[in-house]
Amino acid sequence: MVEITLSDNSVKRFAEHPTGLDVAGSISEGLARDCVAMEMNSELVDLNTRITQDARIRLITVKDPEALEILRHSAAHVMAHAIQNLYPNVKLTIGPVVEEGFYYDIDMEPISKDDFEKIEDEMKKIINSRLPLHRQLVPKDQALKHYEKEPYKLEMISDLEDGTISFYTQGDFTDLCRGPHIPHTGFIKAFKLMKVSGAYWRADPKNPQLQRIYGTAFFDKKDLKNYLTFLEEAQKRNHRKIGTALDLFSFHDEAPGMAFFHAKGMEIWNALLDYWRKEHRAAGYVETKTPILLHRKLWETSGHWENYRENMYTAVIDEEDYAIKPMNCPGGMLLFGSKHHSYKDLPMRVAEIGLVHRHELSGVLSGLFRVRAFHQDDAHIFMMPEQIQDEILGVLRLVERIYSTLGLDFHLELSTRPEKSIGTDAQWETATRGLKSAMDIYGADYKINEGDGAFYGPKIDIHIKDALGRTWQCGTIQLDMNMPERFDLSYVGRDNEKHRPVMIHRVIFGSIERFFGILVEHFAGKFPLWLAPVQMIVLPINDELIPYAEDVKQQLIRAGLRVELDGRTESLNKKIREAQLQQIPLTLTIGAKERESGTLSVRTLDGKVRYGISHERFLTRVREHVDARNLDFDLFGEAPS
RNA sequence: GCCGACGUAGCUCAGCCGGUAGAGCAGCUGAUUCGUAAUCAGCAGGUCCGCGGUUCGAUUCCGCGCGUCGGCUCCA
């Protein structure tokens with residue numbers, strides 16, 4: 001007899017040794033139908049595992065987050081099975097689950113998306129056969145024998161510890177696998193192959209190149225549909241498309257990986273940075289600017305010449321070596337070091353919108369998201385060790401203000417000391433404790449990435465979540481115990497002795513170019529009024545009204561607004577359509593009525609039109625809305641006046 | 001940097017098997033003067049990414065280079 005404790009702490013007794021399925025079945029038929037696996041004494045195992053002694057069981061149903069991973073892992077097997085059926089000579093390697101699905105790396109002739117349909121059809125056959133997945137344990141020597149013709153699998157098994165090795169079989173297909181798996185292939189209700197690319201065996205370019213085939217799978221057709229809709233939505237918001245359509249920026253072959261910002265893109269850029277400066281000033285920052293081209297000596301002092309040179313653009317000038325800065329900190333160190341500082345000066349919060357260049361590999365460039373030249377909204381804070389906590393807290397609060405203004409949620413992650421690192425244990429201890437206590441006081445949950453810090457200090461990474469729920473790491477706060485040392489920075493303490501300041505680097509936007517791209521996608525090009533490159537457009541109904549419309553435009557421009565006038569001899573409908581497609585928040589139509597009554601009719605981006613708004617009310621509302629940096633478009637309330 | 005796909009007018013895209021290119025939008029000209037998402041007509045616009053090769057002939061086939069995209073790799 002076995003005693004089974006379920007996750008609600010209820011206890012069930014079984015005379016025989018039941019499987020997980022039996023346990024589920026003893027509770028309800030529906031549960032048995034929805035179960036895919038179970039957790040037995042904190043270990044995920046197959047549902048058909050026999051429970052031979054008293055155990056604590058948690059049944060995993062299709063609703064549980066782990067279930068999707070199990071399903072996708074099984075789907076990877078099904079794909080490999082299908083591919084092996086279609087291309088008998090392929091050699092399998094590994095097939096893991098990834099965030100949005102799964103892939104399988106297979107040594108085979110290159111295939112393309114055109115081959116997907118065939119593979120998917122074969123997969124459908126396997127799924128419709130509802131093949132059970134059986135686990136069996138095999139001694140290592142036998143496993144090696146089984147895989148005589150599969151060199152990659154042999155290599156993997158050889159690397160495993162001695163003892164028994166688990167295999168999973170579905171029909172005539174067997175694969176080395178830790179499991180667990182779904183009970184039978186019929187659980188895969190919806191799947192799709194997504195893309196194919198090259199990948200090296202064990203990620204080493206010296207090894208053969210494999211075909212990495214990506215797919216995704218769900219328990220429900222609806223989930224797959226939602227996922228595909230999400231991808232479509234993301235594609236619609238692609239910042240490269242919107243950037244072209246709204247005339248914000250472009251790229252040219254003459255400067256790969258370096259963006260050209262157009263006039264409208266710069267309006268957004270400037271509005272964003274105006275706001276950034278306002279917040280930083282209020283938070284006690286000063287702003288500086290350092291050169292982008294600096295002598296080799298400086299890069300030797302900072303260590304970049306030795307460690308980062310392959311990513312730097314260099315130049316020989318008057319027979320001396322120079323490099324274009326990939327980071328702002330060395331220049332910032334020079335500035336700090338060029339003067340004596342008292343402990344009374346600290347903390348010093350020194351910001352710099354710095355233009356940096358990094359020679360990234362050509363294959364990684366991607367729109368504004370990955371470029372070779374970009375601006376960082378950098379700041380270096382110099383302080384005494386006992387100020388760490390307060391300063392980090394200050395940065396976190398500033399981060400929160402700025403992100404929330406943009407409608408972005410965020411979460412924090414702390415990275416601690418890596419194996420290879422400089423500094424003493426005591427320094428790391430002080431630094432890490434400072435970061436932790438600041439985050440504790442700040443009060444947000446955070447994830448800890450052990451050993452993920454930079455070699456020169458621990459860091460807090462800030463991940464934002466955009467309107468589609470995608471996360472991006474933008475902000476980072478890094479403690480640096482290296483630079484002050486290398487540049488021999490000091491301040492004079494109360495004791496009249498020299499002391500080494502503690503320094504942090506921090507960015508909030510990170511790469512402003514990349515952040516700009518994220519904002520384009522976050523807002524889908526519909527920038528809120530305070531950021532919109534053209535805040536409003538004036539449309540005269542006919543040519544006779546152009547002079548009056550011009551007056552209106554001038555008034556608004558004098559009020560500090562970004563205004564355009566469409567005086568083309570086109571139909572009103574056409575001009576409205578184009579204004580809407582350009583995502584201009586406010587469209588002001590000027591007809592004889594508006595001129596006679598001295599009012600405005602205002603169309604907002606949601607298509608609502610309000611007539612008879614006085615110029616005064618309009619200006620007041622717009623100013624309030626812009627000053628408050630509101631994100632909504634409904635300036636004039638529900639009831640059209 | 002590696003693998004794959006792609007590169008045609010300002011933009012979006014068509015162009016089967018090799019016979020020097022087409023559409024819509026944008027632009028320009030003219031007519032229309034319009035009340036909340038495309039008025040009509042005409043005109044103009046291209047080193048078909050670049051350089052080589054094959055061929056009587058290359059936008060089309062082949063090679064190399066550049067760029068873009070998707071992955072890989074890298075990421076102080």
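Here is how names work: the chains are called A, B, and so on, in the same order as the sequence lines, proteins then strands, and each is numbered from 1.
When the nucleotides B:U68, B:C74, B:C72 are ranked by their closest atom to the side chain of A:Arg370, B:C74 comes out on top. Residue A:Tyr214 has its side chain nearest to B:G71 when only B:U73, B:A38, B:G71 are considered.
Atom C1' of B:G30 sits at a distance of 41 Å from the matching atom of B:U68, rounded to the whole Å. Atom P of B:G4 sits at a distance of 14 Å from the matching atom of B:C62, rounded to the whole Å. Taking atom C1' in both B:G27 and B:G71, the straight-line distance is 39 Å, to the nearest Å.
Expressed to the nearest 0.5 Å, how far CG of A:Leu588 lies from CG of A:Leu565 amounts to 10.0 Å.
For A:Glu352 and A:Lys325, the salt-bridge test passes: some basic side-chain N is under 4.0 Å from an acidic carboxylate O. We find that A:Asp378 and A:Arg506 are not joined by a salt bridge, their nearest charged nitrogen and carboxylate oxygen being 4.0 Å or further apart. Salt bridge A:Asp566/A:Lys553: absent, no basic N to carboxylate O contact under 4.0 Å. Under a 4.0 Å N-O distance rule, the pair A:Arg595/A:Glu544 qualifies as a salt bridge.
Nearest-nucleotide assignment on RNA chain B puts the 5′-proximal partner with A:Thr587, out of A:Gly303 and A:Thr587.
The distance between atom CD of A:Gln582 and atom P of B:C11, rounded to the nearest whole Å, is 15 Å. Across the protein-nucleic acid pair, A:Asn238 atom CG and B:U12 atom C1' stand 15 Å apart, rounded to whole Å. Taking atom CG of A:Leu246 as the reference point, atom P of B:C25 lies 20 Å away to the nearest angstrom. Following rounding to the nearest Å, A:Glu310 (CD) and B:U73 (P) show an atom-to-atom distance of 18 Å. Following rounding to the nearest Å, A:Arg240 (CZ) and B:G67 (C1') show an atom-to-atom distance of 14 Å. Distance, A:Phe369 CZ to B:G70 C1': 15 Å, rounded to whole Å.
Distances shown here put a side-chain N or O of A:Ser362 below 4.0 Å from the OP1 or OP2 atom of B:G1. When the side-chain nitrogen and oxygen atoms of A:Arg202 are compared with OP1 and OP2 of B:U73, none of them lie within a distance under 4.0 Å. The phosphate of B:G70 has neither OP1 nor OP2 within less than 4.0 Å of any side-chain N or O from A:Lys195. One finds no side-chain N or O of A:Arg577 lying less than 4.0 angstrom from the OP1 or OP2 phosphate oxygen of B:U36.
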Protein-proximity profile, nucleotides 26-35 of chain B, B/S/- by nucleotide at the 4.0 Å heavy-atom cutoff, equals SS----BBBB
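When both pairing distances are held under 3.5 Å, B:U54 makes no Watson-Crick or G-U pair with any nucleotide shown. The pairing partner recorded for B:G22 is B:C13, the criterion being a Watson-Crick or G-U wobble arrangement whose two distances lie under 3.5 angstrom. Pairing partner, B:C6: B:G67, with both Watson-Crick or wobble hydrogen-bond distances short of 3.5 Å. The partner of B:G46 cannot be assigned: no Watson-Crick or G-U wobble pair with both contacts below 3.5 Å exists in any strand.
Under the rule for a salt bridge (Lys or Arg N to Asp or Glu O under 4.0 Å), the partners of A:Arg237 that lie at least two apart in sequence or sit in another chain are A:Glu233.
Ring planes of A:Trp472 and A:Phe369: tilted class, angle from 30 to 60°.
Relative to the ring axis of A:Phe455, A:Lys420 does not place its NZ or CZ within 45° and under 6.0 Å from the centre.
Across all strands shown, A:Val196 has no heavy atoms under 4.0 Å from either base or sugar-phosphate atoms. Within the 4.0 angstrom heavy-atom criterion, no nucleotide atom of any strand lies near A:Gly607. Residue A:Gly257 is classed as a sugar-phosphate contact, given heavy-atom separations below 4.0 Å to backbone atoms only.
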